[in-house]
There are 4 protein chains.
Amino acid sequence: MKEKIIETSIELFDQKGFKETSVQEIVEAMGVTKGAFYYYYKSKEELLKDICISYIEDLLQQQQHILQNVEKSCTEKLHEIVYMLIRNIKARRKSARIFFREMRHLHEAHLQEIKAKRRAFRENYQKLIEEGIAKGEFKQTHTPHMVTFGILGITNWSYYWFNPDGEISEEQLAEIYVDLILNGIKNQEKK
Amino acid sequence: MKEKIIETSIELFDQKGFKETSVQEIVEAMGVTKGAFYYYYKSKEELLKDICISYIEDLLQQQQHILQNVEKSCTEKLHEIVYMLIRNIKARRKSARIFFREMRHLHEAHLQEIKAKRRAFRENYQKLIEEGIAKGEFKQTHTPHMVTFGILGITNWSYYWFNPDGEISEEQLAEIYVDLILNGIKNQEKK
Amino acid sequence: MKEKIIETSIELFDQKGFKETSVQEIVEAMGVTKGAFYYYYKSKEELLKDICISYIEDLLQQQQHILQNVEKSCTEKLHEIVYMLIRNIKARRKSARIFFREMRHLHEAHLQEIKAKRRAFRENYQKLIEEGIAKGEFKQTHTPHMVTFGILGITNWSYYWFNPDGEISEEQLAEIYVDLILNGIKNQEKK
Amino acid sequence: MKEKIIETSIELFDQKGFKETSVQEIVEAMGVTKGAFYYYYKSKEELLKDICISYIEDLLQQQQHILQNVEKSCTEKLHEIVYMLIRNIKARRKSARIFFREMRHLHEAHLQEIKAKRRAFRENYQKLIEEGIAKGEFKQTHTPHMVTFGILGITNWSYYWFNPDGEISEEQLAEIYVDLILNGIKNQEKK
DNA sequence: GATGAATGAGCGTTCATTCAT
DNA sequence: AATGAATGAACGCTCATTCAT
């Protein structure tokens with residue numbers, strides 16, 4: 001039941017927004033009554049928290065799994081993270097949009113917890129970049145954190161427009177973005 | 001007066017969100033009454049529309065000004081657009097966040113108008129990329145629209161985290177991002 | 001079990017009020033579930049009735065025990081009733097407060113039953129006063145019922161403020177009140 | 001309007017209790033809508049606060065007026081306060097009952113304010129008793145505060161049962177109670 | 001131009017109670 | 001003897017909007 005509430009509300013929160021979706025609408029979509037909702041969740045905000053936490057924790061875990069692999073180069077790991085993020089759009093686009101857009105409706109305590117995890121994801125990303133620099137895979141920069149934000153922007157933004165069922169596949173988009181990140185768009189042959 | 005309503009509500013919409021900001025709060029912050037608000041705007045949504053339209057039109061205009069310059073190369077124009085976007089954060093960050101986050105509260109008609117302008121901005125951007133490819137400044141790609149989205153993601157995302165009064169200046173961030181976009185992060189010397 | 005429900009709910013009803021205490025809270029405080037509650041009581045109101053009935057019946061019984069004693073004078077019996085009421089605060093203050101404050105939540109039928117017993121207590125009290133007058137212990141009055149209400153007010157009111165663990169003991173307060181009732185506060189020596 | 005809300009709700013709060021009276025009922029009794037209520041009061045609790053404050057402040061003021069009179073003896077002042085309290089039942093019985101019964105629904109801050117005034121009333125009363133003792137009008141006691149509580153109990157309790165339109169008039173009840181307080185019920189002639 | 005009073009619809013939440021197991 | 005899930009009705013409150021003045 002809790003699972004069904006989450007599924008239903010992810011759909012609605014993404015379509016209409018957290019504030020714009022009433023508990024009434026959620027339960028109507030499920031064919032139960034408000035009482036049932038409040039039997040499982042003590043507030044609408046708690047439901048949002050569960051959605052957000054579940055999203056970011058899943059992401060963190062996938063990231064850690066990729067980073068732990070000692071046999072892969074930093075370039076390969078970067079590729080895998082980009083691909084993982086793009087691939088996730090299919091299963092998690094709604095959660096992701098809810099995460100970024102509705103997070104502000106969480107209470108301070110929940111917000112802290114979630115921001116900490118979001119920060120962890122970014123810092124892991126940045127450490128990968130720094131390690132790649134140290135190993136000579138990536139070029140030197142004095143602002144690895146800014147570069148990390150830039151790379152994150154590329155994939156995060158795609159949650160707002162990318163259609164995994166369109167003409168460009170997830171694998172293709174991942175390739176395009178890894179190439180953009182690694183090589184940029186400049187015509188090197190001009191050199 | 002209309003101008004003052006806009007200023008006040010941009011502040012509040014950014015801080016608390018569109019739905020979360022009541023007309024009461026807006027007029028209280030201005031020291032007037034609701035009647036005054038409804039004398040100038042026939043609805044809260046119309047005010048949001050004005051904010052969004054004003055934001056995207058200003059952006060479009062700045063972009064057109066850059067693109068019209070026949071003496072600059074595509075690379076230089078790209079640089080200028082990136083810098084313009086980053087520079088805009090200082091003056092327009094709140095409007096930008098409202099634009100992206102609250103747009104969905106607009107009525108269909110307003111939404112169409114705004115999305116058309118947003119599309120125009122993106123298509124201009126894409127044309128610049130394609131022109132750069134044609135001129136040999138940028139390397140060939142079969143998916144210039146995807147690349148454009150990627151480049152847009154880098155700057156758009158920065159509206160959520162970049163602090164123009166922090167240790168990295170706007171010029172510096174623009175440089176970092178132009179370099180990322182043009183050359184990527186790969187250590188070319190390894191070749 | 002029924003006893004435990006009563007104990008727990010007396011505590012809660014006194015602290016927070018009848019309406020303000022949910023069945024959920026009662027059962028949580030006991031470590032059982034709602035089903036258990038409704039196995040023993042068919043409604044929350046019935047529980048309140050039990051508490052109220054138990055309070056007033058106990059009082060009536062104690063009063064009757066005092067009044068039955070043929071060897072004591074009316075003055076002595078008055079003293080004993082006052083002392084009994086004050087002494088009861090320690091063990092029964094919560095019940096008493098619930099009795100007076102929450103009685104109105106009872107259904108008509110229960111209310112009648114309880115009011116009848118409350119009336120009996122008062123009438124017994126009044127009869128004692130009248131008997132004392134007849135015997136010359138108390139002075140003549142045409143309004144023994146009003147006097148009775150006044151005397152009752154003194155002790156009943158103490159349920160709202162008297163702290164049996166404070167510097168004045170129950171015995172002392174009973175003495176003070178019996179003296180007040182019998183002799184008043186006027187300085188008789190002035191005569 | 002505010003006045004009408006107060007009147008209507010005093011009626012209802014006394015009849016049914018604060019918690020048991022819904023805002024809906026109040027506005028229905030007035031023929032307006034909820035919105036109107038919340039235009040004048042920001043919460044139901046604030047309305048209760050106004051009722052309670054108004055009751056106790058009025059009482060305090062009347063008491064002060066009586067106490068200020070330098071030409072009256074303590075006995076006379078006591079008489080006047082008792083009479084004032086009984087007389088108040090007619091106009092203020094409902095407010096008084098709401099005051100005592102519903103006070104606990106007030107927020108801490110409001111509660112403090114109100115309890116301070118209630119304490120002031122009691123302390124003024126006690127000072128009168130003490131002054132009367134000092135002047136030889138009242139007999140010596142080591143517990144003037146307990147005596148004060150006792151005297152207060154007599155009149156306060158009458159708010160729960162006294163019917164000013166019954167066979168005993170307010171003046172008569174005041175006389176009965178002043179006599180009870182001053183002389184007690186003992187038959188002095190027995191001495 | 002602007003106010004102040006009022007509406008009406010909706011929202012998040014609570015809770016006594018029921019009932020199959 | 002007791003549980004756990006669910007109901008349904010009500011409640012306090014918010015708020016965009018209207019409108020006579």
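Labels below follow one simple rule: chain letters A, B, ... track the order of the sequence lines, proteins then strands, and each chain is numbered from 1. Since the model is a prediction, treat every value here as computed from it, not as a measurement.
- Although no hydrogens or angles enter the test, the distance criterion places no donor-acceptor pair under 3.5 Å between the side chain of B/R101 and the main chain of A/R101.
- Using bins of under 30°, 30° to 60° and over 60° for the plane-to-plane angle, the ring pair A/H110/A/H107 lands in the parallel bin.
- By the neighbour-count criterion of 12 heavy atoms within 6.0 Å, atom NZ of A/K2 is densely surrounded, having more than that number from other residues, nucleotides or ligands.
- In this structure, D/W157 and C/Y160 have tilted ring planes: the angle between them lies in the 30° to 60° band.
- Here the P atom of nucleotide E/dG4 and the NZ atom of D/K2 are 15 Å apart, to the nearest Å.
- Here salt bridge (Lys or Arg N to Asp or Glu O under 4.0 Å) pairs that include residues 17-38 of chain A, with residues two or more places apart or in two chains, are A/K16-A/E25, A/E20-B/R104.
- Every residue meeting the salt bridge (Lys or Arg N to Asp or Glu O under 4.0 Å) condition with B/R92, not counting sequence neighbours, appears here in chain and number order: B/D58.
- Within residues 18-26 of chain C, the residues approached by DNA chain E to less than 4.0 Å at the level of any non-hydrogen atom are C/T21, C/S22, C/V23, in residue-number order.
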Dot-bracket summary - DNA chain E, pairs being Watson-Crick or G-U whose distances fall under 3.5 Å, with | when paired to another strand: .||||||||||||||||||||

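- When C/F13, C/F99, C/F100 are each tested for a ring-ring contact (aromatic ring centres under 6.0 Å, His included) with C/F18, only one passes: C/F13.
- Residue pairs meeting the salt bridge (Lys or Arg N to Asp or Glu O under 4.0 Å) criterion with at least one partner in residues 107-119 of chain C, sequence neighbours excluded, are C/E57-C/K117.
- Within residues 35-50 of chain B, the residues having any heavy atom closer than 4.0 Å to DNA chain E are, in order of number, B/G35, B/A36, B/Y39, B/Y40.
- Counting heavy-atom neighbours within 6.0 Å of C/K94 NZ, excluding the residue itself, gives a total of 12 or less.
- For the pair A/T21 (side chain) and A/L12 (backbone), a donor-acceptor distance under 3.5 Å is present.
- No hydrogens or angles were tested; on distance alone, nothing pairs the side chain of A/K34 with the base of E/dT14 as donor and acceptor under 3.5 Å.
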